[in-house]
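A short worksheet on the structure shown next.
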4 protein chains.
Amino acid sequence: MGKFVKIDCAGNHRRAPGRPRSERARRAILSCTLRFLENRRNGFADLTIEHVAASAEVGKATVYRWWPNKAALVADAFAGSVTRKLHFPDTGSVMQDMNLQMRQLVKILRSRRGNLVSAILGGGQSDRTLITAFRERFMMPRRSEAYVTLQRGIDRGELPASLDMDLLLDALYGPIYLRFLIRHDPLTPEFVDELCTVVFGRFQAAASKAKAAPPPGR
Amino acid sequence: MGKFVKIDCAGNHRRAPGRPRSERARRAILSCTLRFLENRRNGFADLTIEHVAASAEVGKATVYRWWPNKAALVADAFAGSVTRKLHFPDTGSVMQDMNLQMRQLVKILRSRRGNLVSAILGGGQSDRTLITAFRERFMMPRRSEAYVTLQRGIDRGELPASLDMDLLLDALYGPIYLRFLIRHDPLTPEFVDELCTVVFGRFQAAASKAKAAPPPGR
Amino acid sequence: MGKFVKIDCAGNHRRAPGRPRSERARRAILSCTLRFLENRRNGFADLTIEHVAASAEVGKATVYRWWPNKAALVADAFAGSVTRKLHFPDTGSVMQDMNLQMRQLVKILRSRRGNLVSAILGGGQSDRTLITAFRERFMMPRRSEAYVTLQRGIDRGELPASLDMDLLLDALYGPIYLRFLIRHDPLTPEFVDELCTVVFGRFQAAASKAKAAPPPGR
Amino acid sequence: MGKFVKIDCAGNHRRAPGRPRSERARRAILSCTLRFLENRRNGFADLTIEHVAASAEVGKATVYRWWPNKAALVADAFAGSVTRKLHFPDTGSVMQDMNLQMRQLVKILRSRRGNLVSAILGGGQSDRTLITAFRERFMMPRRSEAYVTLQRGIDRGELPASLDMDLLLDALYGPIYLRFLIRHDPLTPEFVDELCTVVFGRFQAAASKAKAAPPPGR
DNA sequence: CAATAATCGAGACGGTACGTCACGTCTTCTT
DNA sequence: AAGAAGACGTGACGTACCGTCTCGATTATTG
């Protein structure tokens, strides 16, 4: 960052001296990393900087110059790949909104992209920076959106104001990741439905009652 | 297994020829593996057959003779270490039973033993045999017990007979493992309580009603 | 030796107690060793006790019980294989006698048996006991015969009484082994002829003169 | 060779890309190899790439990068060590010239350098490339000089023009190597004298006669 | 006949070295 | 400067044999 761009007192950008960083190399490295992780079942452990450099037709030192270690590289590659498909819709029903997004997540986890996620989460157990990258660059942005969606539900009276959002989100997404990581049972859209039923169950009864007799404050 | 013991027609055991396997070596290897995984934050990746052999005062070939790879060794060490503390109590209340066992699990995950679990689950993302070992030697035995506990609840009318047990168990344990693996929020006994409230909530209302007016068919 | 046979005061052989040594095993070990060395170009280094034991269908310990190391085994196998074809004829002419035996040696060195000799001489450079075995069990017996043959020549006046036999034999056999070991030029029967001419040359002139005018003392 | 240096159309040397080979490492490896072989009686078999690398303070891979196997390494080390002491003098007498050089060779074979030669010749029996190295990098250069020396003898009339030089040289050096390799009798300067007498004997008579009555063409 | 004793096969044991691979660093020339 | 190329020292990999050991089974002599 500051390594490449100098800003003079007038606020003008001034390029550092010397040959500028090759954008081509950067892109090739990240995309080779990504391709590798997506296509190999045993991602992180098998991925070697040697191989990445070779297949990106790049010097090994170029990789090391910009990423301190394999985890950083993978985290970066992952961050750059984060899908744009995981936004929450606004259908008018929180449960519907959550359900749709969860189905989308399940779809992605079951695709080649899922290998990438499992590589990150698996490798992350040995390398704190990886799991941090996953958390901050993938999970948190989505949680922020989820908060908004849930708040809409609260505002609409579908959910109680006292709701612990993080607890609810863990209850919704934990089981999905459990099946994804342990693979004891299939991870299907139907599972998402049933899961929503379990977690949202107690609110639905309340909500339907609330619907029949709308809240007094309204 | 059948590799070491021959059974003749009369059903008597007959030792295979050759020097018998050293029990001392077997134990030393497994316990060194275990100790290493428990004490290192980045277990699986850092674990080296070379190191295990050296610290167990054993030839490297002896390790490879009995375990085809690191994953098999770790799976075996893990299986042999499986705690005896994770049984389900029978307090008369399903929710109470589940809650207590979940708290016990959380306690273990937060102990040094947790490093072992995270090494297995992490390594298991690169090696199918590891995750299978976790599933079959750790998870499934516990699930079997859980089924019994849940059935008691059904019999007592605390839970509906139509209950999907696996779904319920995923809903209960998924969030725990999510926090354990991603570490986005602390994994506390209180979290277990709240989680139980979320998942068992809808049954509690029904159950209390059922208590007041016992089911007609009985 | 004394290990197996006890001789009582009366001089009778008495078998030691315990299971007697297996002649079958002994023979199989030696013959497998021999076969291996004869058929492989890179004899000594490639020969492993492990392989010998396996191919002789014998326990490794059985080999080690009777031979302290690879060199002893090879030396023994070699000694037992020593051809019966290398005797010196008695044609009435020393030069003829030597020539014929040398041709025979050359023939053997060029056969599969030659691999064995080169294994012994090659291995012997790293292991004194091997070269000693070659010297004492192969070379010396032949030299003894050669002394007799040469003495016949002296007696007949073909060679001077002052002859240094070892020097002469080195002069005759050294070049053969040089070509055999360094392989800079072919080792042919004709080479033997020419070599005899070179070495016996000065005696031939003397001898022919002597023939014309037989020594006075006779 | 062509591996490291590119020559452009103008004939200028252009270095290959990448870090250049470490001359320091190359030298250390060869000299450690040499030192080891010279100081150990059982050179070739005991020599270990592992040990060479360690004592040269070099990575094992660096050894393997440049020499495919132990034999190639030893051959190279040997070639680089070839003594400068083995030239043929020009005393005016062929026999004297040969005698002096042979004595020099004997002296070297009896020195620490002799261990090296026996390692090469011994190892060479298992590895064709070693014996080839000995032949072409050590023996042949010396033979070439020997041809010149012998030719002088022919020109001077000390030796017949019809002389088979290779035969003569085998007759002279074969016995030396025989004693060196089989060690059945001591390898002394006197042995060289006697050997020369045996081999040059028939020419000396002729030569002395020739001296008395110089050849007609003179 | 039972006891004793040495050998046999099989094969596991703690080691050492093998030759390979990737690590992360370095040194060179080119862009 | 950064790039590619590729050699460097390091260290773990999984394999092959080393020479030793512990088994049960076998085959002899001795009491």
Side-chain angles (χ1 to χ4, degrees), chain A residues 3-4 15-22 24-25 46-51 53-54 56-66 68-70, chain B residues 4 14-22 24-26 46-51 53-54 56-66 68-70, chain C residues 3-4 6 14-22 24-25 47-51 53-54 56-66 68-70, chain D residues 3-4 6 14-22 24-26 47-51 53-54 56-66 68-70:
Chain A
K3 202 172 170 187
F4 312 117
R15 245 262 186 45
R19 179 173 174 174
R21 175 172 184 184
S22 156
R24 186 229 136 238
D46 278 13
L47 180 75
T48 63
I49 300 283
E50 199 103 24
H51 174 76
E57 294 179 293
V58 141
K60 234 183 342 165
T62 301
V63 181
Y64 283 109
R65 198 181 341 266
W66 302 107
N69 53 51
K70 199 164 69 168
Chain B
F4 310 117
R14 198 148 47 89
R15 218 243 215 59
R19 179 173 174 174
R21 176 171 183 183
S22 159
R24 188 233 133 232
R26 202 194 112 260
D46 278 12
L47 180 73
T48 272
I49 299 280
E50 196 108 21
H51 174 76
E57 294 180 292
V58 140
K60 229 187 337 170
T62 299
V63 181
Y64 284 109
R65 187 161 17 244
W66 302 108
N69 52 54
K70 202 164 68 168
Chain C
K3 202 173 169 188
F4 314 115
K6 279 182 184 159
R14 201 149 46 90
R15 241 259 188 47
R19 180 173 175 173
R21 176 172 183 183
S22 158
R24 188 230 135 236
L47 181 74
T48 63
I49 300 282
E50 198 104 21
H51 174 75
E57 293 180 292
V58 139
K60 235 188 333 170
T62 300
V63 181
Y64 282 109
R65 192 171 0 252
W66 303 109
N69 52 53
K70 200 164 68 168
Chain D
K3 201 174 171 186
F4 312 117
K6 280 182 185 160
R14 195 149 49 88
R15 198 198 287 284
R19 180 174 174 173
R21 175 171 183 182
S22 159
R24 187 231 135 235
R26 202 193 113 260
L47 181 73
T48 273
I49 299 280
E50 196 108 21
H51 174 76
E57 294 180 293
V58 140
K60 229 186 338 170
T62 299
V63 181
Y64 283 109
R65 196 174 354 258
W66 302 109
N69 51 52
K70 202 164 67 168

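Below, chain A is the first sequence line, B the second, and so on; all start at residue 1. Predicted model only: the values in this text are computed from it and were never measured.
- Of the candidate nucleotides F/dA7, E/dC13, F/dG9, F/dA7 has the atom lying nearest to any side-chain atom of D/Arg19.
- Nearest heavy atom pair, residue A/Tyr64 against residue A/Pro68, reads CD2-O, 4.4 Å.
- In this structure, B/Arg21 atom CZ and E/dA10 atom C1' are separated by 17 Å, rounded to whole Å.
- The side chain of A/Tyr64 approaches E/dT25 more closely than any other nucleotide in the set E/dC18, F/dG3, E/dT25.
- Rounded to whole Å, atom C1' of E/dC23 lies 15 Å from atom CG of A/Asp46.
- From C/Thr62, atom OG1 reaches atom CD of C/Glu57 across 12.5 Å, with rounding to the nearest 0.5 Å.
- Nearest-nucleotide positions on DNA chain E place C/Ala25 closer to the 5' end than the other of C/Ala25 and D/Asn69.
- B/Ala61 comes within contact range of at least one nucleobase, with a heavy-atom separation under 4.0 Å.
- The CD-P distance, from C/Glu57 to E/dC8, rounds to 15 Å in whole Å.
- For the pair A/Lys60 NZ and E/dT28 P, the interatomic distance rounds to 18 Å; values are reported in whole Å.
- To the nearest angstrom, P of E/dT16 lies 11 Å from CD of B/Glu50.
- Regarding contacts with the backbone of E/dG11, every side-chain N or O of B/Trp66 stays at 4.0 angstrom or more from both OP1 and OP2.
- The listed nucleotides are E/dA17, E/dG24, F/dG14; the one nearest the side chain of D/Thr48 is E/dA17.
- Nucleic acid contact for A/Arg24: sugar-phosphate only, since backbone atoms but no base atoms lie under 4.0 Å from a heavy atom of the residue.
- Scanning both residues, C/Ser22 and C/Ala25, for their nearest heavy atoms gives OG-N, 2.9 Å.
- Within the structure, a side-chain polar atom (N or O) of B/Thr62 is placed less than 4.0 Å from OP1 or OP2 of E/dG14.
- At the phosphate of E/dC13, OP1 or OP2 sits under 4.0 Å from a side-chain N or O atom of B/Arg65.
- Among the nucleotides E/dA10, F/dA28, F/dA12, the one closest to the side chain of C/Pro20 is F/dA28.
- Residues B/Gly18 and B/Ile49 each lie close to DNA chain F; by heavy-atom proximity, the contact nearer the 5' end of the strand is made by B/Ile49.
- When all heavy atoms are compared, the tightest approach of D/Ala56 to D/Arg24 is O-NH2, 2.9 Å.
- The distance from atom NZ of C/Lys70 to atom C1' of F/dG19 is 13 Å, rounded to the nearest whole Å.
- Nearest heavy atoms, B/Ile49 versus B/Lys60: CG2-CG, 4.2 Å.
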